[in-house]
Amino acid sequence: MKPSIPKGTRDFLPSEVYKREYIFNIIKRVFQKYGYVPIETPTMENLETLTGKYGEEGDRLLFKVLNNGDFLAKADKDALGAMDSKKLTSSISKRGLRYDLTVPFARYVVQHQNDLQLPFKRYQIQPVWRADRPQRGRYHEFYQCDVDVVGSDSLMYEAELVQIYDEVFRSLGLEVEVLVNNRKVLFGFAEALGLEDKFMPMTICLDKLDKIGPEKVIIELEKSGIEKSKGEKLLDFITVKTLDELEAKFENAPTGLAGIKELRQFHSYLNQSQSHNTISFDPSLARGLNYYTGCIFEVKAKGVNMGSIGGGGRYDDLTSVFGLKDISGVGVSFGFARIFDVMEELKLFPKDIGNKTQILIASFSEGALIYSFELGTELRKAGISCDIYPSAAKMKKQLNYANKKAIPFVVIIGEDEISSGQWQLKNMVSGEQMKFDTAGLIKYLSN
RNA sequence: GUGGUUGUAGCUCAGCUGGUUAGAGCGCCUGAUUGUGGUUCAGGAGGUCGUGGGUUCGAAACCCAUCUUCCACCCCA
């Protein structure tokens, strides 16, 4: 049998896991500093929790888990006879793999509302699954890293999350630009142009601006039933640079004005001069997801051509479908896979990442193995990370093992060393050899 | 979900219009060097040519199906 894994999934080598954990650890440290706590939710949710939350497209991409037991006996016979897969699904599958972390979190908040102190600040790093067609950087299984706060509509949290972005990327050594906009401002465009009923398609087209260019955006808008003159006006709107300029154009747009007010308050919390990265207002920023209702964010890395490496925003009513009304939330997520790629491209991972083993103990004879194990025990007791070669293989092979694993020191044990009690320590970089007894070796390696 | 693309040794890839024993580089193993790695030299192992059908005297090559890879849409991380 040829070994294989399912389409769109990946194995990770030790070096990749080390790098991933390097990123995770920095992110977690920042989250905890800002008072966010970790939670986890199950891999599987009830299908009814997930369906209908991501639009029709999202439902298609949900992985469904087949019921156990004699599932066909309980299947919808009409749907089965009619070969209607969509209709059949609900009778043979009651669970699905989580599609993102936000909807399970909304369910979690409602379910545990009596145990949670609001505002509740949580972070969550877990894999999610989507039955999309895989491509590079697009998998069936991938990690998401979300940080959210629910139970407060204070714009202080928008400012806090942007600070978190700033601090995380600074710690990772990445320079980024944080783009900020507000869905109410976008709605203001629709109000000003009399396009309130076309708001959704308008934002979807606008979101493609930097990808397809202004001419094609106008064509797309026309396809959605927005006439060319209004499309041109819309593109004219988004050329504004400041909130004051925009305010002047929003005479008949009460929601738009409310959005401007929110952005002003957000900026008053943030002291720009304290930010390491650029934070800029971008009226064309739209974000695809429609549950956002207030401020929205997107993060782009400077110096590389890569899509956004993070994003998020304010959502006013995500918990109401689970029966809890008037809970406002705001959150952002980190695009882990892309951050990984950008850091790889810019060579930002520390060089010694993953080289945790300090020393290898090599043996010249079978009789030396017992001494090797004993020495290893002593070194480990002293907190030195060491690896013991398990046989008296050819020295060439043992030293090669150390080279492959980038272990910087090898201690060599043979008959001479055993009788004298002086171990040979070899520096694998310089090739130098020195003699130590056990105590001296520990002292030398502890420096 | 739509249209395309890819699959040959552990890895990266050659392999002509179908023709006899399927190749290279790197890696791996062995030896030169029976107590010392990275260099060098010599030798060696390793392949159901993604899988299943078909066409043919003959298929890695042509046809069909299927899986996989990557790409453009859709959508998104």
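Closest-nucleotide positions on RNA chain B for A/Asn403 and A/Glu220 were compared, and the one nearer the 5' end corresponds to A/Asn403.
Comparing the C1' positions of B/A72 and B/U6 gives an interatomic distance of 15 Å, to the nearest angstrom.
Every pair passing salt bridge (Lys or Arg N to Asp or Glu O under 4.0 Å) that includes a residue from residues 387-400 of chain A is listed here, sequence neighbours excluded: A/Asp387-A/Lys405. Applying the salt bridge (Lys or Arg N to Asp or Glu O under 4.0 Å) rule to pairs touching residues 36-45 of chain A yields A/Glu45-A/Arg107, sequence neighbours excluded. For residues 359-382 of chain A, the salt bridge (Lys or Arg N to Asp or Glu O under 4.0 Å) pairs, not counting sequence neighbours, are A/Glu378-A/Lys381. Applying the salt bridge (Lys or Arg N to Asp or Glu O under 4.0 Å) rule to pairs touching residues 414-440 of chain A yields nothing, sequence neighbours excluded.
For the strand RNA chain B, secondary-structure stems (runs of at least three Watson-Crick or G-U pairs, all distances below 3.5 Å) span B:1-4 with B:70-73, B:10-13 with B:23-26, B:28-32 with B:40-44, B:50-54 with B:62-66.
In this structure, the side-chain contact (heavy atoms from CB on, under 4.5 Å) partners of A/Lys94, at least two apart in sequence or on a different chain, are A/Asn67. For the salt bridge (charged side-chain N to carboxylate O under 4.0 Å, His left out) test, residues two or more places apart in sequence or in another chain that qualify with A/Arg314 are A/Glu158. For A/Lys300, the salt bridge (charged side-chain N to carboxylate O under 4.0 Å, His left out) partners two or more places apart in sequence, or in a different chain, are A/Asp210. Among residues two or more places apart in sequence or in another chain, the salt bridge (charged side-chain N to carboxylate O under 4.0 Å, His left out) test is passed with A/Glu344 by A/Lys19.
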* Structure fact -> Letter by letter from the 5' end, nucleotides 39-44 of chain B scores (B base, S sugar-phosphate only, - none; protein heavy atoms under 4.0 Å) ------
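Between A/Phe142 and B/A77, a base-stacking contact is recorded: ring centres under 5.5 Å apart, planes less than 30° from parallel.
When the P atom of B/C76 is taken as reference, atom CG of A/Asp59 falls 13 Å away, rounded to whole Å.
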Side-chain donor-acceptor contacts of residues 172-182 of chain A below 3.5 Å, not counting sequence neighbours, with atom names and distances?
| residue | atom | partner | partner atom | Å |
| --- | --- | --- | --- | --- |
| A/Glu177 | OE2 | A/Ser280 | OG | 2.8 |
| A/Asn181 | ND2 | A/Asp282 | O | 3.4 |
| A/Asn181 | ND2 | A/Pro283 | O | 3.1 |
| A/Asn181 | ND2 | A/Leu285 | O | 2.9 |
| A/Asn182 | OD1 | A/Lys184 | N | 2.8 |
| A/Asn182 | ND2 | A/Glu262 | OE1 | 2.9 |

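Contacts between residues 126-140 of chain A and RNA chain B, counted as heavy-atom distances below 4.0 Å, involve A/Arg130, A/Asp132, A/Arg133, A/Gln135, A/Arg136, A/Gly137, A/Arg138, A/Tyr139.
At a threshold of 4.0 angstrom between heavy atoms, the contacts of A/Val411 with the nucleic acid are absent.
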